[in-house]
Number of protein chains: 2
Amino acid sequence: MAANQPLFAARASTGEVETGHSFQPKFDAQGLLPAIVTDAASGEVLMFAWMNAEALGLTLETQIAHFWSRSRQRLWRKGEESGNLMRVSELRTDCDQDALWLKVSVAGNGIACHTGERSCFYRALPLGAAPGPDLALRRA
Amino acid sequence: MAANQPLFAARASTGEVETGHSFQPKFDAQGLLPAIVTDAASGEVLMFAWMNAEALGLTLETQIAHFWSRSRQRLWRKGEESGNLMRVSELRTDCDQDALWLKVSVAGNGIACHTGERSCFYRALPLGAAPGPDLALRRA
């Protein structure tokens, strides 16, 4: 690709964004798109992260999930240290093309969370309770 | 609750946030948390939206999903016009407590997306292709 060519198309009308066949992503003010990652086999939500245009481009091309680490401010090939790379079998966008959903298989020991949990979402909030500073999480 | 009481607890150490039992959410600079919504039965990702503290509090208390509409800048009870309310059966948070995952059943005609699709994520990107402004979406 030419160095000055944009990685993705510019936004057109709402109708084209919602019902068209052209990928016209809306990155946020920081140049990022939210990315939901689910396990391709179980459907479980594994993690939530962010992608910039480069991370998304690399993910599409290699089918290995890349993100933008906001805490480290750098490109992040998920699992680059642990070996638990994420192979992407499907990558969807939503109606207004400002969010992504990746279905993945986790390589290595299959663990997605840096805490050692399989999914980052290992705790649930109590339902039917009024909100308050004493809300206790429970294992999900 | 007293008017001046915070809705949720303040953040403590990273260790307590990741492994503790106290809900200590990290709202972003706009006071929002990203919220992933999946179908409780099928596991399909239905939508992605945002919650402020009030929307989260109402969701916990009523078990009906409430969000903050960034486009309309107001509290949004999802389905308030269409009748397709979302009943929440589980609400999880992630390791660093800056994202939420809701499992829901959609009432009414079961449609989550304003376009008439069941899920907002009805299009996929091609994998194995280099990124470029000509990327074509396909029905997922």
Side-chain angles (χ1 to χ4, degrees), chain A residues 1 5-10 18-23 34 36 38 42-45 47-48 53 56-63 88-101 113-115 117 119-138 140, chain B residues 1 5-10 18-23 34 36 38 42-45 47-48 53 56-63 88-101 113-115 117 119-138 140:
Chain A
M1 283 181 46
Q5 190 178 1
L7 271 189
F8 301 106
E18 290 185 351
T19 62
H21 295 279
S22 171
F23 182 54
I36 301 160
T38 65
S42 72
E44 185 179 25
V45 178
M47 62 180 285
F48 173 77
L56 176 55
L58 285 166
T59 301
L60 289 171
E61 198 159 1
T62 66
Q63 297 185 54
V88 180
S89 55
E90 193 169 273
L91 204 167
R92 297 191 187 188
T93 191
D94 69 342
C95 46
D96 42 10
Q97 300 200 34
D98 63 359
L100 301 169
W101 170 18
C113 185
H114 76 285
T115 62
E117 303 277 347
S119 158
C120 294
F121 292 85
Y122 48 84
R123 289 170 300 181
L125 279 77
L127 294 173
D134 55 350
L135 271 185
L137 299 167
R138 60 169 176 74
Chain B
M1 281 181 47
Q5 188 178 1
L7 271 188
F8 301 107
E18 290 185 350
T19 61
H21 295 278
S22 171
F23 183 53
I36 301 159
T38 65
S42 71
E44 186 180 24
V45 178
M47 64 179 286
F48 174 77
L56 176 55
L58 284 166
T59 301
L60 290 172
E61 198 159 0
T62 66
Q63 298 185 52
V88 180
S89 56
E90 193 169 273
L91 203 167
R92 298 191 187 188
T93 191
D94 70 342
C95 47
D96 42 10
Q97 300 199 35
D98 63 0
L100 301 170
W101 170 17
C113 186
H114 76 285
T115 62
E117 303 277 348
S119 158
C120 294
F121 292 85
Y122 48 84
R123 289 170 300 182
L125 279 77
L127 294 173
D134 56 350
L135 272 186
L137 299 167
R138 59 170 177 73

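Proteins come first, then strands; the chains are lettered A, B, ... in the order of their sequence lines, and each starts at number 1.
Your options are B:Asp96, B:Val45, B:Thr19, and the one with the most heavy-atom pairs under 4.5 Å with chain A is B:Val45. Interface summary for chain A: among B:Ala10, B:Gly43, B:Gly57, the most heavy-atom pairs under 4.5 angstrom belong to B:Gly57.
Atoms CZ and OG, on A:Arg123 and B:Ser22 in that order, are 9.5 Å from each other to the nearest 0.5 Å. Summarising the geometry, atom SG belonging to B:Cys120 is positioned 9.5 Å from atom CD belonging to A:Glu18; distances are rounded to the nearest 0.5 Å. Here the CZ-CG distance, from A:Phe121 to B:Leu91, works out to 10.5 Å after rounding to the nearest 0.5 Å.
Contacts between B:Ser42 and chain A at a heavy-atom distance below 4.5 Å are absent for every atom of the residue. Within the 4.5 angstrom heavy-atom criterion, atoms from both the backbone and the side chain of B:Thr93 approach chain A. For A:Thr38, the part lying near chain B is the side chain, with the backbone staying farther off; criterion is any non-hydrogen pair under 4.5 Å. Residue contact with chain A, scored on non-hydrogen atoms closer than 4.5 Å, involves the backbone and the side chain of B:Glu44 alike. Within the 4.5 angstrom heavy-atom criterion, only side-chain atoms of A:Gln63, from C-beta onward, approach chain B. Interface remark: B:Thr62 contributes no atoms to any contact with chain A (heavy atom separation under 4.5 Å).
Ring planes of B:Phe48 and A:Phe48: parallel class, angle under 30° (limits at 30 and 60°).
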Please list, one pair per line, the donor and acceptor atoms closer than 3.5 Å that link side chains of residues 128-138 of chain A to other protein atoms, with sequence neighbours excluded.
none

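Residues A:Pro34 and B:Pro34 have side chains not in contact (no heavy-atom distance under 4.5 Å, counting atoms from C-beta outward).
Shortest non-hydrogen contact noted between B:Cys95 and A:Thr115 is CB-CG2, 4.0 Å.
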